[in-house]
Amino acid sequence: MEASPQARPDAAEYPAFYAGYIGRVHETDILTALDAQIAEIRTQFGAIPESRGGHRYAPGKWSIKELVGHLCDGERIFAYRALRFARADSTPLPGYEEDDYVRNANFDAVPLADLVQELELLRHANVSMFRGLEPVAWSRSGLANGNPISVRAIAYTMVGHLRHHQETLRTRYLP
């Protein structure tokens with residue numbers, strides 16, 4: 001049976017540590033959910049003034065700019081994995097250490113508006129990529145960070161990952 005973007009991924013399609021992200025997705029059309037988040041990015045992150053971009057809710061935590069930069073990195077990495085697996089590339093892909101990426105990115109030197117625009121553009125590109133997949137590609141999978149994951153589960157993870165950080169922003173950075 002072919003997987004479709006409309007079908008939720010089965011728990012066997014992703015590592016357990018992504019269950020929290022995938023569990024945040026209640027829509028039945030993942031393409032619509034991915035696309036709808038573009039407006040959410042613009043509304044929620046775009047409303048934060050530059051003067052708050054360096055704010056950290058606690059010592060050692062990411063700044064708002066670093067959080068948005070992390071989301072940009074995540075969009076790129078998840079999309080790269082999805083592309084490779086959708087194209088039936090079975091090469092195992094390495095994991096990445098998000099804190100190292102943030103530490104070495106210097107996101108605090110970038111205007112917040114630029115980071116928000118980058119995130120929007122990345123999501124636009126990723127929605128286009130997912131829309132162009134043939135149905136069979138959604139069920140293809142590969143190894144990322146030593147764990148099997150399907151293209152469909154990656155798309156769900158992307159939506160849930162953004163939602164996780166949107167909630168963190170609402171509850172810890174901008175209460």
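Counting from 1, the numbers follow the sequence of the chain as shown.
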Testing the basics here: between [X] and [Y], what is the closest heavy-atom pair and its distance to 0.1 Å?
X    : Y    : value
V159 : Q37  : O-NE2, 3.1 Å
A82  : M129 : CB-CE, 4.0 Å
M158 : R123 : O-NH2, 3.5 Å
A86  : A137 : O-CB, 3.8 Å
S150 : S139 : CB-O, 4.4 Å

In one Ile/Leu/Val/Met/Phe/Trp/Tyr side-chain cluster, 4.5 Å: F17, F85: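 In one cluster: yes.
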Hphob cluster co-occupancy, L31 + I154, side-chain heavy atoms under 4.5 angstrom: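 Per the 4.5 Å side-chain linkage, L31 and I154 are co-clustered.
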Distance-only donor-acceptor check, side chains R152 and Y156, under 3.5 Å: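 Distance-only check fails for R152 and Y156.
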Reported CG-to-CD distance for the pair L122 and Q117, which is rounded to 0.5 angstrom: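 Between L122 CG and Q117 CD, I get 10.5 Å after rounding to 0.5 Å.
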Applying salt bridge (charged side-chain N to carboxylate O under 4.0 Å, His left out), can you list everything that pairs with [X], at least two apart in sequence or on another chain?
X    : result
E50  : K65
R103 : D100
R81  : none

Would you be so kind as to tabulate the donor-acceptor pairs closer than 3.5 Å made by side chains of residues 91-98, with sequence neighbours excluded?
residue, atom, partner, partner atom, Å
T91, OG1, D89, OD1, 2.7
E97, OE2, D99, N, 3.2

Pairs where residues 136-147 contributes a residue and the test salt bridge (Lys or Arg N to Asp or Glu O under 4.0 Å) is met, not counting sequence neighbours: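 For residues 136-147, and leaving out neighbouring residues, the salt bridge (Lys or Arg N to Asp or Glu O under 4.0 Å) pairs sorted by first residue read E134-R140.
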Please identify each residue that fulfils side chain to side chain donor-acceptor pair (under 3.5 Å) with [X], with sequence neighbours left out.
X    : value
T32  : D29
N126 : E75
E120 : R42

Connected-component partners of V110 among ILVMFWY, side-chain separation under 4.5 Å: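 Answer for V110: I41, F45, I48, Y57, W62, I64, L67, V68, L71, V102, F107, L112, L115, V116, L119, L162, L169, Y173, L174.
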Checking [X] now: which residues fulfil side-chain contact (heavy atoms from CB on, under 4.5 Å) with it, not counting sequence neighbours?
X    : value
E167 : R24, R170, T171
A155 : I30, L34, F130, W138
T157 : Y18, Y21, I22, F78, I149

Sub-4.5 Å side-chain heavy-atom contact between C72 and R76: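 Sidechains of R76 and C72: in contact.
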Residue pair H70 / E66, side-chain heavy-atom distance below 4.5 Å: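 When only atoms from C-beta onward are counted, E66 and H70 do not touch, as no gap falls below 4.5 Å.
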